[in-house]
Amino acid sequence: MRGLIMDQPQLISNLLIHADFVSGDREIVTRTVEGPIHRYTYHDAHRRARQLANALQSLDVKLGDRIGTLAWNTYRHFEIYYAVSGIGAITHTLNPRLHPSQMTYIINHAEDAYIFVDLNLVGLIEAIESELPKLRGVVIMTDRAHMPETSLTNALCYEELVNGHSDDLEWPVFDENTASSLCYTSGTTGNPKGALYSHRSTMIHAYASALPDVLHMGEREVILPVVPMFHVNAWGIPYGATMVGAKLVFPGALLDGKSVHELLLAEDVTMTAGVPTVWLNLLNHWREAKTRVPSLKRVIIGGSACPESMIRAFQEEFGAEVRHAWGMTEMSPLGSVAIAKPRITNDAEAMRKQIKQGRPVYGVEMRIVDDAGKSLPHDGKAFGELQVRGPWITSGYFKLDHSEAHGKDGWFATGDVATIDEDGYMEITDRAKDVIKSGGEWIGTIEIENHVMSHPDVLMAAVIGVPHPKWDERPLIVVVPKTDKSPTHGEITRFLDGKIAKWWMPDDTVLTDELPIGATGKVLKAKLREQFGNHKLPNGN
Ligand code: AMP
């Protein structure tokens, strides 16, 4: 027997309709790419999104067409998210930090019909336009007064496009499984692969993300997503925040510590989100300028492991709770959040849980398996490949018939190696391809890095495997020291003594000025291995 409930499709446009209705006066503030601060409300955003939707239809954009965006976090990008998906087209976010050849590949693979581009990124499209046969035009996200000289064949002005159309529009209704947005993984090997989200997956993810024990979003929150809207839809914040009518603050193109601080302070931001490398800059700024942001209650940190020293800095020095989260582009991205269970009242035990990647968010199922695909116990010790399934996890890649990661049994293989403890907390020991194989055993690099980064002289650290004649591979620490510091290998190993298993103790330490950081803010271990793979270990014969 079927329930007698309306079968109403869950569509992204409903979020903005609702926010306009109940939180229409709540603000959306942007540091614009042109410079000044722009402020308006959900009501204004909804009106302009409808104008833009009409404009897109006048450009003959149809259901299923891909529309690229090459843009920072701004109100205009927000309007595009809603206008494009709202008419059943697909918002395809492009990462400006990608190599031009990858950008060309992605745009052609997605067959983007139009690309919306921010003022300071126009050059990236100009440079490759001749290689983009399917592209019909480029919309430059500014007003007429700021339109640049450009070599683009069909360059349109965003404000003219929006203002040239009426806001008279009923959002169309279609199947909730219709594709809504597309984001390519930054894959270090092979071509990037497209994760294609649907209205339904985005909406369910938005409900889950707003929950108190997930990102804790509500109308009273003021949320500044530093995580870019071109990286997994800024972790879904533009949807979840709209669902609850939170005030949104968009940082535009300036993501240095001082600029982020100024905006956090000026707008009384209560929560923010981003990858660890961004927070290193903010923490440095706070310490140097002897300042802080009193309104800030919560910092969501994910994308790479958040070191204990960073959790302590936010919580103990600056009074903001850290929510360490794990996810993937293929997972929309939320997978797990690390919050200590209510029974854990002891600080040390709570910290041991917080440095893990956390418990799955409701909606995500998780398991760890050995090489034969057999499930491993939840004892916090056994580690194997982490697999997931759920209603916001991809079932395949865009226009790719076969994917090894999407198993026949309905589970997605994440490529992460992890343990799960008795309380259900998952901890990533490594990306499978970064694990160090020493004498037939595995050494997880994340735990060692976590400890090294607590050393007072260390700013950043990464651990990689380098070839060893007897053990196959042994760990090497690559350290970016703090200004005027130069910790020795002996000092670091003495610091690690007792914190990690003896046979995990790295064989050597090299100092460097910076670590190679990829397009989504993660340390590029493959690059480091290229750079230091030939390093001669002291005991390596
Ligand atoms: P991306 O698809 O670019 O977001 O990358 C996803 C990958 O980032 C995951 O498979 C993990 O390897 C890594 N990752 C994300 N969050 C964390 C975290 N909190 N700790 C460790 N690794 C993480």
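The first residue in the sequence is number 1, and the count goes up from there. Remember, it's 1-based here, ligands and their atoms both numbered in the order they're listed.
The shortest N or O to N or O distance between Cys306 and ligand 1 is not under 3.5 Å. Looking at Gly303 next to ligand 1, an N or O pair under 3.5 Å apart turns up. For Ala325, a nitrogen or oxygen atom sits less than 3.5 Å from a nitrogen or oxygen atom of ligand 1, counting backbone and side chain alike. By the 3.5 Å distance cut-off applied to N or O atoms, Thr414 is not counted among the residues near ligand 1.
Between Leu386 and Trp326 there is a side-chain heavy-atom pair separated by less than 4.5 Å. With a 4.5 Å cut-off on side-chain heavy atoms, Thr414 and Met328 count as touching.
Using a 4.0 Å cut-off between heavy atoms, Thr329 contacts ligand 1 through both its backbone and its side chain. Under 4.0 Å from ligand 1, the heavy atoms of Gln357 that appear belong solely to its side chain.
In terms of protein heavy atoms, atom 12 (O) of ligand 1 is closest to Asp416 OD1, 2.7 Å. Counting protein heavy atoms only, atom 21 (C) of ligand 1 is closest to Ala305 N, 3.2 Å. Looking from atom 5 (O) of ligand 1 to the surrounding protein, the closest heavy atom is Lys522 NZ, 3.1 Å. Atom 6 (C) of ligand 1 has its closest protein heavy atom at Gly327 O, 3.5 Å.
Heavy-atom proximity to His231, at under 4.0 Å, picks out these atoms of ligand 1: 1 (P), 3 (O), 4 (O).
Judged by the shortest distance from any of its heavy atoms, Ser304 lies inside the 4.0 Å radius around the atoms of ligand 1. Contact annotation: Met331 has no heavy atom less than 4.0 Å from any atom of ligand 1.
Stacking of Lys381 on the aromatic ring of Phe383 is not recorded, the 6.0 Å distance cut-off and the 45° axial limit not both being met.
Donor-acceptor pairing under 3.5 Å is lacking for the side chains of His92 and Thr69. A donor-acceptor pair shorter than 3.5 Å can be found between the side chains of Thr445 and Lys525. Arg367 and Ser375 share no donor-acceptor pair across their side chains, judged by distance under 3.5 Å alone.
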